[in-house]
Amino acid sequence: MMHVLSFTDFEGMLEELFETAERLKREPLGEALRNRTLAMIFEKASTRTRVSFEVAMTQLGGHAIYLSPKEMQMGRGESIADTARTLSRYVDAVLIRAKRHEDVVEFARHSEVPVINGLTELEHPCQALSDFFTMRELRGELEGARLAYVGDGNNVCHSLMLGSAMLGMHFSCATPEGYEPRKEVLERALSIAELTGATVEVVHSPEKAVRDADFIYTDVWVSMGQEEEEQERLRRFRDFQVNSELLRHAPGAKVMHCLPAKRGLEITDEVMDGESSVVWQQAENRLHVQKAVLLKLLRP
Ligand code: CP
Ligand code: NVA
């Protein structure tokens with residue numbers, strides 16, 4: 001049994017997942033997960049992850065149950081371990097979006113069914129998997145592709161950085177000082193890159209990061225749970241906006257965003273609605289790629 005807690009849990013199966021997703025995008029598979037149930041625990045807001053996973057289960061003939069911790073006994077103090085043990089007796093997999101990554105790890109430790117990280121403060125593996133699928137659709141070969149990430153060294157950045165390293169890509173990340181990706185994640189990515197021929201760098205100049213990029217990626221400056229830091233962050237990230245001026249340094253690059261976007265902050269309307277933007281293709285692909293993940297984890 002496997003869990004998907006970090007992007008690195010996709011090790012050895014990336015190509016298979018991409019090929020399955022490609023097939024599913026062309027011809028939806030009717031009943032492969034008939035009678036299978038996915039529990040989805042959301043401790044934070046979600047539009048795309050919640051809906052795409054639920055629709056994926058429905059379209060594969062299965063069922064998804066949305067659970068809010070506030071309405072579960074967990075909200076009244078039942079332990080994560082006991083919740084995991086109980087849900088394992090009913091459902092076939094559990095998707096969790098949690099405030100603390102360690103809670104998802106703890107859940108997985110006591111779960112008898114696969115656990116999928118639907119975003120924590122540390123990683124967003126299903127988002128990144130789907131984004132690499134989008135890049136593959138647009139460019140073909142991922143090995144050697146150049147991905148520039150501009151903004152906060154956050155959960156999405158971490159999963160993209162690990163994935164780029166695994167896929168032999170060139171990942172350049174530009175953040176303000178003090179907002180770099182976590183050191184332990186960077187070190188992990190660098191050691192994977194040594195084996196795959198990928199390059200991973202962290203800089204403080206957006207112009208430098210995006211030079212020769214195939215893809216420019218950005219995400220919100222204030223992630224869920226960081227609302228108290230908002231004013232400080234808005235000030236520190238001012239020069240890290242993805243706008244037409246920045247795109248001039250990377251002609252031909254496609255612009256990506258996991259969404260939701262704060263238009264006018266990390267990305268301008270002009271860029272998000274412009275010709276380089278592939279954000280809606282990205283959003284759609286969550287559905288196809290997560291179906292591939294669900295089949296991998298749940299098919300009897
Ligand atoms: N990109 C993403 O995970 O979006 P949601 O927060 O809407 O799920
Ligand atoms: N970094 C963002 C991603 C949202 C999908 C957050 O954690 O809020």
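Heads up: numbering here begins at 1 and tracks the sequence. Note that ligands are numbered from 1 as they come in the structure, with each ligand's atoms numbered from 1 the same way.
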Problem set entry | Per-atom contacts of ligand 1 with Arg286, taking only distances under 4.0 Å to non-hydrogen atoms |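 Once the distances to Arg286 are compared, the set is 1 (N), 2 (C), 3 (O).
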Problem set entry | 4.5 Å side-chain heavy-atom contact, Phe42 and Arg50 |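 Yes, side chains in contact.
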Exercise. Nearest heavy atom to atom 8 (O) of ligand 1: which of Ser223, Ser46, Pro260, Gly118 does it belong to?
Worked result: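 The residue whose heavy atom sits nearest atom 8 (O) of ligand 1 is Ser46.
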For this session: Decide whether the shortest distance between a heavy atom of His124 and an atom of ligand 1 is less than 4.0 Å.
Result: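 The answer is yes, since His124 has a heavy atom less than 4.0 Å from ligand 1.
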Problem set entry | Identified side-chain hydrogen bond (donor to acceptor under 3.5 Å, both in side chains) partner of His288 from the options Glu284, Arg286, Lys291 |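 Among the candidates, only Glu284 passes.
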Problem set entry | Close N or O approach (Cys258, ligand 1; < 3.5 Å) |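 Yes, there is a polar N/O contact under 3.5 Å.
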Exercise. Which heavy atom of the protein is the closest neighbour of atom 8 (O) of ligand 2, given with residue, atom name and distance?
Worked result: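 Scanning the protein heavy atoms, the shortest distance from atom 8 (O) of ligand 2 goes to Met224 N, 2.8 Å.
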Problem set entry | salt_bridge(Lys25, Glu137) N-O dist < 4.0 Å |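 Here Lys25 pairs with Glu137 in a salt bridge, since their nearest N and O are under 4.0 Å apart.
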Exercise. To the nearest 0.1 Å, how far is atom 6 (O) of ligand 1 from its closest protein heavy atom, and which atom is that?
Worked result: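 The answer is Arg97 NH1, 2.8 Å.
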For this session: Going by heavy-atom distance to atom 3 (C) of ligand 2, choose the closest among Asp219, Asn154, Leu122.
Result: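 When every heavy atom of Asp219, Asn154, Leu122 is considered, Asp219 comes closest to atom 3 (C) of ligand 2.
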Problem set entry | Polar proximity ligand 1 side, Leu119 side, N/O cut 3.5 Å exclusive |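 No; every N/O pair is 3.5 Å or more apart.
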For this session: May I ask you to check whether Phe215 and Tyr149 place their ring centres under 6.0 Å from each other?
Result: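 No; Phe215 has its ring centre 6.0 Å or more from that of Tyr149.
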Problem set entry | Part of Leu119 within contact of ligand 2 (heavy atoms, under 4.0 Å) |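 For Leu119, the contact with ligand 2 is made by the side chain alone.
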Exercise. Is it the side chain, the backbone, both or neither of Asn155 that has a heavy atom closer than 4.0 Å to ligand 2?
Worked result: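 For Asn155, only side-chain atoms sit under 4.0 Å from ligand 2.
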Exercise. Going from NZ on Lys44 to CD on Glu121, what distance comes out if it is rounded to the nearest 0.5 angstrom?
Worked result: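 Reported to 0.5 Å precision, the distance equals 6.5 Å.
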Exercise. Strictly by modelled atom types, are Thr134 and Gln281 linked by a side-chain donor-acceptor pair under 3.5 Å?
Worked result: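 Gln281 and Thr134 do not have a side-chain donor-acceptor pair below 3.5 Å.
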Problem set entry | Contact atoms of ligand 1, heavy-atom distance to Gln127 under 4.0 Å |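 Selected atoms, number and element: 1 (N), 2 (C), 3 (O).
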Problem set entry | Ligand-residue contact atoms, ligand 1 with Thr47, heavy atoms, under 4.0 Å |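 Once the distances to Thr47 are compared, the set is 5 (P), 7 (O), 8 (O).
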For this session: List the steps, then state whether salt bridge (Lys or Arg N to Asp or Glu O under 4.0 Å) holds for Glu16 with Lys296.
Result: CA-CA 9 Å; Glu16 178 194 343; Lys296 179 81 188 161; 3.2 Å; yes
Exercise. What is the ring orientation for Phe237 with Trp221, classed by angle as parallel under 30°, tilted 30 to 60°, or perpendicular over 60°?
Worked result: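 Phe237 and Trp221: parallel rings.
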Exercise. If you measure every N/O of Ser223 against every N/O of ligand 2, is any gap under 3.5 Å?
Worked result: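 Yes.
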For this session: Would you mind checking if Glu230 and Arg233 are paired as a salt bridge, meaning a charged N to carboxylate O distance below 4.0 Å?
Result: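 No.
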Exercise. So, are Lys183 and Glu187 salt-bridged, with charged N and O less than 4.0 Å apart?
Worked result: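 Salt bridge flag = yes for Glu187 with Lys183.
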Exercise. Against heavy atoms of Leu259, which atoms of ligand 2 measure under 4.0 Å?
Worked result: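 Heavy-atom distances to Leu259 below 4.0 Å select 5 (C).
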Exercise. Nearest protein heavy-atom contact for atom 4 (O) of ligand 1: which residue, which atom, what distance?
Worked result: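 It is Arg48 NE, 2.9 Å.
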